[in-house]
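Taking it in order: structure first as structure tokens, then the write-up.
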Amino acid sequence: RVFWRHSFASEIGATFVHVAKNFDQVTRQEVGVDARWVPLRPIAIGGYAFFSTVEARMAEADLGVQWRPVRPFEMLVDYRHTAPDLFLPRTSIFSVFSDQNRDELGGALTLRPLPRVRILLDYHLLLVDGDASLGHDGGGKLRVLLGASGASVGAEARYLRTSSNGFLQGRVSAIVRLSSALLVTLDADAYRFAEPV
């Protein structure tokens, strides 16, 4: 990657990725660009795009606009395109079964109502190749810091639905630092699928 940084918050870069098996069989090759620009103090625009030169199509693209009018409030509106099969080597049998492009349009909202409390809400409309209808992906996270040691507890929920299936997820977690060298984490996840898997 090469880049040019105009200021602390404004930068543009270019990337080249080449992955080969035994030095002569190209399994993945991409060119990419990325940029971040802050036209006004509370607004930041950023994005990146990767193009597969092997398949001659877009592997991944992301464009977002972030707005932070006051410190405890942040809003993001974004668009993302992914082609999952292009993240696999061309020699992998799994690349044959992963040819669905996925487009997402939505945003996220981050709130800090108290110094030790962080809330994140997000929602995206999904358009997946082969699906006749739009999908939905939305969720929320709550994280509470318990002290100066870095201990925290959290809870989150997520709803994902496409025409083929979907799920409702619930998760609780905790992080406790017992010493400067020992950190303990605890997680519990539960899923309820719309269609049995």
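Bear in mind that the values here come from a model prediction, so they are computed numbers and not experimental data.
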>> Does H124 form a side-chain contact (heavy atoms from CB on, under 4.5 Å) with D78? I'd like the steps, not just the answer.
In response: CA-CA 9 Å; H124 289 84; D78 66 340; 2.7 Å; yes
> Do I175 and L183 come within less than 4.5 Å of each other through their side chains, counting heavy atoms only?
Replying inline: yes
> Does the side chain of D137 reach to within under 4.5 Å of the side chain of Y123, using non-hydrogen atoms?
Replying inline: no
> Hey, does the side chain of T162 reach the backbone of G135 with a donor-acceptor pair shorter than 3.5 angstrom?
Replying inline: no
> Applying the 4.5 Å side-chain criterion to the ILVMFWY set and letting contacts propagate, would L125 and F167 be lumped into a single cluster?
Replying inline: no
>> When you compare the side chains of S173 and R143, does any donor N or O come within less than 3.5 Å of an acceptor on the partner?
In response: yes
>> With rounding to the nearest 0.5 angstrom, report the CG to CG distance, L134 to L126.
In response: 8.5 Å
>> Nearest 0.5 angstrom please: R177 CZ to T185 OG1, how far?
In response: 11.5 Å
> Does one hydrophobic cluster hold both I45 and Y79, with members joined at side-chain heavy-atom distances below 4.5 Å?
Replying inline: no
>> Run the side-chain contact (heavy atoms from CB on, under 4.5 Å) test on E60 and R80 for me, step by step, so that the C-alpha distance in whole Å, both residues' side-chain angles and the decisive distance to 0.1 Å come before the verdict.
In response: CA-CA 7 Å; E60 184 178 16; R80 183 178 174 114; 2.5 Å; yes
> Between E156 and R158, is there a side-chain N and carboxylate O pair less than 4.0 Å apart?
Replying inline: no
> Can you tell me how far the CD atom of E30 sits from the CE atom of M58, to the nearest 0.5 Å?
Replying inline: 10.5 Å
>> For the CZ atom on R118, are there more than 12 heavy atoms of other groups (residues, nucleotides or ligands in this structure) within a distance under 6.0 Å?
In response: no
>> Which heavy atom of L86 sits nearest to which heavy atom of S52, and what is that distance?
In response: CD1-CB, 3.9 Å
> Does CZ belonging to R1 count more than 12 external heavy atoms closer than 6.0 Å?
Replying inline: yes
>> Any non-hydrogen side-chain atom of T15 less than 4.5 Å from a side-chain atom of F3?
In response: no
> Atom CG in N101, atom CG in L127: separation rounded to 0.5 Å?
Replying inline: 9.5 Å
>> Rounded to the nearest 0.5 Å, what separates atom CG in L76 from atom OG1 in T110?
In response: 8.0 Å
>> Taking NE2 in H18 as the centre, count heavy atoms belonging to other residues, nucleotides or ligands within less than 6.0 Å. Is the count above 12?
In response: yes
> CZ/R171 to NZ/K141 distance, rounded to the nearest 0.5 angstrom?
Replying inline: 7.0 Å
